[in-house]
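Each chain gets a letter, A, B and so on, in the order its sequence line appears, and its residues count up from 1.
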Amino acid sequence: AQSVAQPEDQVNVAEGNPLTVKCTYSVSGNPYLFWYVQYPNRGLQFLLKYITGDNLVKGSYGFEAEFNKSQTSFHLKKPSALVSDSALYFCAVRDGGGFKTIFGAGTRLFVKA
Amino acid sequence: DSGVTQTPKHLITATGQRVTLRCSPRSGDLSVYWYQQSLDQGLQFLIQYYNGEERAKGNILERFSAQQFPDLHSELNLSSLELGDSALYFCASSVGLAGASNEQFFGPGTRLTVL
């Protein structure tokens with residue numbers, strides 16, 4: 001069975017500082033990994049994905065994520081946080097060849113000015 | 001704007017009632033997914049359809065059912081509603097099927113309140 005864990009309910013960071021939102025996963029096959037962001041009263045928006053290839057994936061709004069197979073992690077990063085990055089972030093995993101995408105519980109990011 | 005539309009935006013009803021939520025996927029997308037988001041349960045996958053056929057089931061209650069029509073729009077039917085069914089219901093769509101690496105595009109959601 002596949003699963004995904006976001007160990008932090010909330011991450012606080014000052015504007016201009018680097019941010020990391022953590023995600024670990026478990027799948028039986030090759031993982032397809034995704035990050036989504038949800039702003040208040042909105043649906044989720046796709047940020048980036050890892051399917052294969054380079055372990056460092058670049059996405060929207062200056063976000064990137066690093067796939068680490070040995071640690072089964074896919075942490076979301078940004079070199080310099082903005083107040084407007086404050087939102088709820090979801091990591092998701094799909095077992096390659098499977099139908100289901102499983103979402104993590106979400107991590108709320110607060111960026112303080 | 002993701003291109004996925006959901007109606008209605010808000011729905012207030014009473015316990016024991018039945019409601020229907022509607023979703024139109026992005027043009028060209030064949031897969032439709034339904035999710036329930038509540039404060040205590042997070043984002044729960046309910047069910048997926050591909051080109052009219054059910055393809056995957058998640059934590060969907062027996063009181064809930066869904067279908068995808070020939071024009072690819074989908075409806076989620078919730079019956080015998082309970083207070084705990086109050087949540088945001090999201091529809092998402094994507095191009096592909098099993099093994100596909102396609103990301104999902106989410107609609108704005110329907111907020112259901114059961115009184």
**OP:** Give, for atom CD of Gln104(B) and atom CG of Asp29(B), the distance between the pair rounded to the nearest 0.5 Å.
**Re:** 10.0 Å
Original post:
Does Tyr89(A) offer a backbone N or O that forms a donor-acceptor pair with the side chain of Gln6(A) under 3.5 Å?
Top reply: yes
**OP:** Measure Gln45(A) against the heavy atoms of chain B and call it side chain, backbone, both or neither at under 4.5 Å.
**Re:** neither
Original post:
Counting N and O atoms only, with roles assigned by atom type, does the side chain of Asn68(A) sit under 3.5 Å from a partner on the main chain of Ser70(A), one being a donor and the other an acceptor?
Top reply: yes
Original post:
Who in residues 1-8 of chain B is close to chain A, using a strict under-4.5 Å heavy-atom cut-off?
Top reply: none
Original post:
How many angstroms lie between atom OG of Ser93(B) and atom CD of Gln48(B), to the nearest 0.5 angstrom?
Top reply: 11.0 Å
Original post:
So what's closer than 4.5 Å to chain B heavy atoms on Tyr50(A): side chain, backbone, both or neither?
Top reply: neither
Original post:
Is Tyr36(A) reaching over with its side chain to a backbone N or O of Glu103(B), donor-acceptor style, under 3.5 angstrom?
Top reply: no
**OP:** Heavy-atom distances under 4.5 Å only: say whether Ile102(A) touches chain B with side chain, backbone, both or neither.
**Re:** neither
**OP:** Give, as side chain, backbone, both or neither, the part of Thr101(A) having an atom under 4.5 angstrom from any heavy atom of chain B.
**Re:** both
Subject >> Proximity of residues 105-115 of chain B to chain A, residues having a non-hydrogen atom under 4.5 angstrom >> reply: Phe106(B), Gly107(B), Pro108(B), Arg111(B)
**OP:** Kindly say whether Tyr50(B) contributes a backbone atom to a donor-acceptor pair with the side chain of Ser31(B) at under 3.5 angstrom?
**Re:** no
Subject >> Listed once per pair and sorted, the disulfide bond (SG atoms under 2.5 Å apart) pairs that draw on residues 28-64 of chain A, sequence neighbours left out >> reply: none
**OP:** Can you tell me which residue pairs pass the disulfide bond (SG atoms under 2.5 Å apart) test with a partner in residues 4-96 of chain B, sequence neighbours excluded?
**Re:** Cys23(B)-Cys91(B)
**OP:** Would you confirm whether Gln2(A), through its side chain, and Val93(A), through its main-chain N or O, come within 3.5 Å as a donor-acceptor pair?
**Re:** yes
**OP:** Please state whether the rings of Tyr35(B) and Phe103(A) are parallel, tilted or perpendicular, taking 30° and 60° as the class boundaries.
**Re:** perpendicular
Subject >> Test applied, side chain to side chain contact (heavy atoms under 4.5 Å, CB included); reference residue, Trp35(A); option that passes from Phe63(A), Phe74(A), Phe46(A) >> reply: Phe74(A)
